[in-house]
Amino acid sequence: MGKVYVFDHPLIQHKLTHIRDEQTGTKDFRELVDEVATLMAFEITRDLPMEEIDLKTPVSQTKGKVLSGKKLAIVPILRAGIGMVDGILKMIPAAKVGHVGLYRDPETLKPVEYYVKLPSDVEERDFILVDPMLATGGSAVEAINSLKKRGAKNIKFLCLVAAPEGVEEIKKEHDDVDIYIAALDEKLNEKGYIVPGLGDAGDRLFGTK
Ligand SMILES: O=P(O)(O)OC[C@H]1O[C@H](OP(=O)(O)OP(=O)(O)O)[C@H](O)[C@@H]1O
Ligand SMILES: O=c1cc[nH]c(=O)[nH]1
Ligand SMILES: [Mg+2]
């Protein structure tokens with residue numbers, strides 16, 4: 001059964017408040033999303049396997065722990081997920097990056113897939129799927145379908161702001177996927193936007209609108 005983790009770390013909450021603020025412009029919005037992604041990566045990598053190695057410090061022989069070479073892939077849901085990739089790569093620079101292109105039809109709110117490119121060794125990798133927004137959950141569920149169809153077995157979903165509806169949708173369709181959220185908001189409005197949310201993440205990241 002997948003778990004839901006909501007981060008209450010003060011640094012994440014502080015930065016998220018500025019991300020939400022409509023006065024925050026594109027440059028600051030992009031930098032803050034990048035910083036929060038780095039902080040969240042710190043937490044989602046908590047269970048990475050480690051191994052012990054021998055080494056010598058300037059003082060003595062000792063043993064130390066290093067990551068044991070788990071193969072990871074970060075997959076942003078285009079477009080807005082791109083804003084979280086570099087922040088995560090700062091923590092796990094050896095990860096490969098795939099892409100799933102989806103947009104949400106503004107009338108039906110259903111996801112429309114337009115691009116998929118994943119690392120070739122899909123079955124050997126653990127996946128971190130990223131998108132700042134989890135609203136109805138349609139896009140995340142479709143992206144997870146897409147990864148699983150190509151052989152992905154272990155998937156975590158990472159987002160900044162989620163609506164309860166989106167969390168329930170992932171749990172219903174993919175109860176093996178752990179969900180990591182910076183904030184769980186109140187609800188969706190009649191246009192499918194998260195309330196209070198932060199508006200359209202893609203438009204705010206890339207200055208389109
Ligand atoms: O949970 P859902 O109801 O599916 O909504 C969430 C999706 O909507 C936004 O993408 P959008 O369709 O605006 O595409 P964009 O990133 O290209 O702007 C967001 O980045 C998610 O992918
Ligand atoms: O609130 C929302 C919902 C979907 N997509 C966004 O970018 N924001
Ligand atoms: Mg958008």
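Because the structure is predicted, anything quoted here is derived from the model rather than measured. Counting starts at 1 for both ligands and their atoms, following the listed order.
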Item to check | ligand 2 to A201 polar contact by distance, N or O atoms, under 3.5 Å | outcome: yes
Next on the checklist: As an exercise, identify every atom of ligand 2 less than 4.0 angstrom from a heavy atom of I194.
Outcome noted: 1 (O), 2 (C)
Next on the checklist: Quick test of your reading of the model: are D126 and K153 salt-bridged, counting only N-O distances below 4.0 Å?
Outcome noted: no
Item to check | Nearest heavy-atom neighbours spanning L102 and E142 | outcome: CD2-CG, 4.1 Å
Next on the checklist: Between R204 and T24 (side chain of the first, backbone of the second, donor and acceptor by atom type, cut-off under 3.5 Å), is there such a pair?
Outcome noted: yes
Next on the checklist: Within the 4.0 Å heavy-atom shell around Y103, which atoms of ligand 1 are there?
Outcome noted: 12 (O)
Next on the checklist: Closer than 3.5 angstrom, by distance alone: can the side chain of Q13 be matched with the main-chain N or O of A182 as a donor-acceptor pair?
Outcome noted: yes
Checklist entry - Looking only at distance, does G137 have an N or O less than 3.5 Å from an N or O of ligand 1? => result yes
Checklist entry - Has R104 got any heavy atom lying under 4.0 angstrom from an atom of ligand 2? => result yes
Item to check | Y114 N/O under 3.5 Å from ligand 1 N/O | outcome: no
Checklist entry - Counting only heavy atoms not in K110, do more than 12 sit closer than 6.0 Å to its NZ atom? => result no
Checklist entry - For the hydrophobic clusters of this structure (ILVMFWY residues joined by side-chain heavy atoms under 4.5 Å, transitively), does one cluster hold both I77 and L109? => result no
Checklist entry - Considering distance alone, does some N or O of T136 sit under 3.5 Å from an N or O of ligand 1? => result yes
Next on the checklist: Using heavy atoms and a 4.0 Å limit, tell me yes or no: is G199 in contact with ligand 2?
Outcome noted: yes
Next on the checklist: Closer than 4.0 Å to some heavy atom of M133 - which atoms of ligand 1 meet that?
Outcome noted: 6 (C), 19 (C), 21 (C)
Checklist entry - So does Q61 have more than 12 non-hydrogen atoms from other groups sitting under 6.0 Å from CD? => result yes
Next on the checklist: Can you tell me if F42 has over 12 outside heavy atoms packed within less than 6.0 Å of its CZ?
Outcome noted: no
Item to check | A80 N/O to ligand 1 N/O under 3.5 Å | outcome: yes
Item to check | Min heavy-atom dist L109 to ligand 1 below 4.0 Å | outcome: no
Checklist entry - Do R104 and Y193 meet the cation-pi criteria used here (NZ or CZ under 6.0 Å from the six-membered ring centre, within 45° of the axis)? => result yes
Checklist entry - For ligand 2, which atoms sit closer than 4.0 Å to a heavy atom of A135? => result 3 (C), 4 (C)
Checklist entry - Is A135 touching ligand 1 with its side chain, its backbone, both, or neither, if touching means heavy atoms under 4.0 Å apart? => result both
Checklist entry - Looking at ligand 2, does G192 have a heavy atom less than 4.0 Å from it? => result yes
